[in-house]
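This report refers to the structure that appears directly beneath it.
By convention in this document, chain letters (A, B, ...) are assigned in the order of the sequence lines, proteins followed by strands, and residues within each chain are numbered from 1. All heavy atoms count here, side chains included; hydrogens, waters and symmetry mates do not.
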Amino acid sequence: MSMIVRRSPLRTAGKYAAIGFYLIFALFPIYWLIKIALTPDALIYTEGTRMLPSALTFDNFAAVLQSDFLGYFTNSLIVSLGAAAGTTLIAAAAGYCFSRFRFAGKRAIIALLLVTQMFPLLMIIAPIYKIVAGLGLLNSLVSLIVVYTAFNIPFATFLMQSFFDGIPEDLEEAAMMDGCTRFQALRKVVFPLTLPGLGATLGFVFTAAWSELLFALMLISRNDSMTFPVGLLTFVSKFSVDWGQMMAAGTLALIPSCLFFIFIQRYLVQGLTSGAVKG
Amino acid sequence: MARLDLKDVSKSYGNVEVMRDINLSIGDGEFIVLVGPSGCGKSTLLRMIAGLEPITDGEFSIDGQRMNELRPRDRDIAMVFQSYALYPHMTVGRNMGFSKEIARAPKEERAREVAQAAQTLGLDRLIERYPRELSGGQRQRVAMGRAIIREPRAFLFDEPLSNLDASLRVEMRLEIARMHRKLNATMVYVTHDQVEALTLADRIVVLEAGRIQQVGSPLELYERPANKFVARFIGSPMMNVLPARPGAGGLRLPDGAVLDVAGDRSAGEAVEIGVRPEHIDVVAPEAGDMVVKAEMVEHLGSDTNIYVRTESERGIMVRAHGHLPVRPGAEMDLHFQRDKLHLFAADGTTIPRTGAP
Ligand SMILES: Nc1ncnc2c1ncn2[C@@H]1O[C@H](COP(=O)(O)OP(=O)(O)OP(=O)(O)O)[C@@H](O)[C@H]1O
Ligand SMILES: [Mg+2]
């Protein structure tokens with residue numbers, strides 16, 4: 001007797017329709033970005049709402065690559081990687097402590113971290129500017145790395161804590177019984193199991209820093225230390241906006257984020273701890 | 001191998017005291033089983049021995065050497081966790097050889113020892129697998145293998161079999177007994193399972209609410225429990241305890257039966273009488289101590305458990321050997337084996353028997 005439950009074709013179709021709708025919704029802006037980047041300038045306004053342009057050109061990309069864009073790009077890469085690495089390192093250490101140790105003032109520190117997340121950035125932009133100017137770090141990429149790291153640490157810490165919470169303490173204790181010091185247990189057992197968490201945190205901070213505009217605009221005014229989002233604004237001149245080049249630059253800016261996520265996505269795969277403990 | 005000594009050990013979390021006055025000497029090569037109700041401190045005691053939990057007060061020593069301040073790695077003790085705690089990112093082989101890897105043993109030596117342990121535990125074909133690709137029983141074996149390879153001074157087990165199904169438990173129980181005989185190592189074993197405790201232990205330690213109630217061989221605890229708690233905790237089904245009053249000719253039970261036994265008066269007044277289900281006989285009408293009505297009957301094949309009610313609606317469990325054709329609702333006569341009765345004082349301690357009054 002066959003007991004196979006057949007899914008109704010209608011439900012299957014509905015499911016795919018929902019997924020399709022979501023994909024179109026999420027990907028349409030990216031399509032539009034690439035489309036305009038490839039449309040010759042002359043056609044941008046005349047064919048503004050057509051789904052497919054009648055002619056294609058790579059002139060915009062060529063122009064962008066000959067401009068200061070590569071400099072912005074490099075600056076952004078330095079800032080984003082620096083902030084991501086710094087934040088993840090500090091957040092991992094803090095998250096581990098929150099997850100594993102009991103100490104005086106733990107609740108107060110957690111509360112403080114939460115409070116810092118409540119203020120709108122606009123409120124602290126002036127004080128930050130004053131501090132950075134006082135340190136003589138205006139127009140330096142270091143200031144951006146430090147500021148981004150500081151802003152992302154609270155959230156990243158909670159993120160890392162939740163990943164550490166997900167690793168059974170038994171594993172560390174077993175490692176210590178097997179002859180490890182606490183630090184060895186951390187390095188040989190906990191660290192490999194936290195790779196998904198580290199990957200997620202790195203990715204989160206990287207993208208946040210990559211697209212940050214407000215502080216980059218305030219703290220950087222010299223052309224050779226501009227990051228990419230600020231540089232993008234230079235395509236807006238007083239009299240016109242060079243849409244084609246702007247979109248071409250935007251398309252290129254997607255590349256590092258994509259590469260970054262392709263690289264870390266294998267660490268994001270869940271279920272790495274399965275099999276450690278029963279069930 | 002090693003002798004473990006706990007002297008006046010106590011443990012507090014903040015100002016909550018969870019263990020106190022723990023005095024226990026574990027001989028070299030001895031198999032000690034810790035039993036007790038949930039939350040009584042079995043795991044805590046084990047973890048203090050392992051060094052995973054600091055000892056609040058008192059001293060723990062191995063072979064006379066104080067251990068309190070030593071880290072787990074310096075105590076040379078292996079532990080098998082209830083959750084197995086296998087490293088999920090390492091193969092079975094690397095899991096088992098991890099302690100040797102940390103100790104920087106040469107690779108060939110490590111591989112040889114892992115292969116040998118895997119052979120003993122029937123894991124030789126699983127060495128390249130990851131823990132997630134194993135069944136519960138296989139994971140359990142890997143956890144044991146990991147402990148064996150260390151060649152530690154003592155083994156600790158925290159309910160190692162409680163996640164396994166019944167038949168696998170029996171098999172692993174025998175495995176552990178075999179392992180103990182072969183290695184002749186000191187072992188401390190926590191369990192909830194009566195059968196495990198009674199079959200594996202050289203001595204059983206009964207804990208309640210953070211205190212040791214009694215230490216003794218399985219037979220000692222069964223035959224001469226120090227108090228009502230131990231009497232009821234050891235043995236299955238549980239010992240029956242009935243209120244009793246001293247009267248003419250012995251102890252009077254609530255339903256009028258008088259049992260011709262007496263306790264040592266100097267140890268206190270007996271207020272309760274304890275009798276194990278297997279020490280009550282079903283006898284011919286008029287020949288017993290009391291008449292009861294059968295309420296539930298469980299036929300186990302080798303034995304028959306009969307749950308009966310006395311006239312005063314008190315429940316008693318009777319265990320008869322073999323198959324006894326009793327129907328629920330039937331009346332029957334019970335006889336209490338006199339030499340197997342236990343007497344308890346008001347505070348629960350056992351009163352020594354002095355024979356007939
Ligand atoms: N970190 C802690 N803080 C406060 N109390 C604790 C802590 N850990 C354990 N306890 C308490 O210590 C007592 C003993 O706990 P333990 O885990 O040793 O019990 P157990 O006998 O192993 O129980 P089980 O059979 O359920 O495993 C319990 O009452 C528990 O509530
Ligand atoms: Mg426990």
message: Determine whether the aromatic ring centres of residues A:W210 and A:F73 are separated by less than 6.0 angstrom.
response: yes
message: Please confirm whether the ring centroid of A:F228 lies under 6.0 Å from the ring centroid of A:Y72.
response: no
- prompt: What part of B:Q140 lies closer than 4.5 angstrom to a heavy atom of chain A: side chain, backbone, both or neither?
  reply: neither
message: Using only non-hydrogen atoms and a strict under-4.5 angstrom cutoff, which residues of residues 36-62 of chain B touch chain A?
response: B:R47, B:A50, B:L52
message: Applying a heavy-atom distance below 4.5 Å, give me the residues of residues 102-123 of chain B that approach chain A, sorted by number.
response: B:I102
- request: Inspect the contact between B:K11 and B:E17 and indicate whether a charged nitrogen and a carboxylate oxygen are less than 4.0 angstrom apart.
  value: no
task: May I ask you to say whether B:K7 pairs ionically with B:D5, meaning some side-chain N is under 4.0 Å from a carboxylate O?
output: no
message: Taking salt bridge (Lys or Arg N to Asp or Glu O under 4.0 Å) as the definition, give me every residue that meets it alongside B:R141, ordered by chain and number, with sequence neighbours left out.
response: B:E171, B:E175
message: Do B:E159 and B:Y189 pair up side chain to side chain, a donor and an acceptor below 3.5 Å, judged on atom types alone?
response: no
message: We want to know whether B:N95 and B:Y130 form a side-chain donor-acceptor pair, criterion being a heavy-atom distance below 3.5 angstrom.
response: no
query: Got B:N163 and B:Q82 here, is their nearest side-chain heavy-atom distance under 4.5 Å?
result: yes
query: Quick one: does A:L171's side chain get under 4.5 Å of A:V190's, heavy atoms only?
result: no
query: Does anything in residues 150-160 of chain A get under 4.5 Å of chain B by heavy atoms, and if so which residues?
result: none
- request: Could you walk me through whether A:Q161 and A:F164 pass side-chain contact (heavy atoms from CB on, under 4.5 Å), step by step?
  value: CA-CA 5 Å; A:Q161 183 193 348; A:F164 284 121; 5.7 Å; no
message: For B:R129 and B:T91: C-alpha separation, side-chain torsions, deciding distance, then whether side-chain contact (heavy atoms from CB on, under 4.5 Å) applies.
response: CA-CA 5 Å; B:R129 293 227 200 146; B:T91 60; over 6 Å; no
- prompt: So which of A:Q184, A:R182, A:M176, A:M177 has the biggest tally of heavy-atom pairs under 4.5 Å with chain B?
  reply: A:M177
- prompt: Taking the six-membered ring of B:Y84, is the NZ or CZ of B:R146 close enough (under 6.0 Å from the centre) and on axis enough (within 45°)?
  reply: no
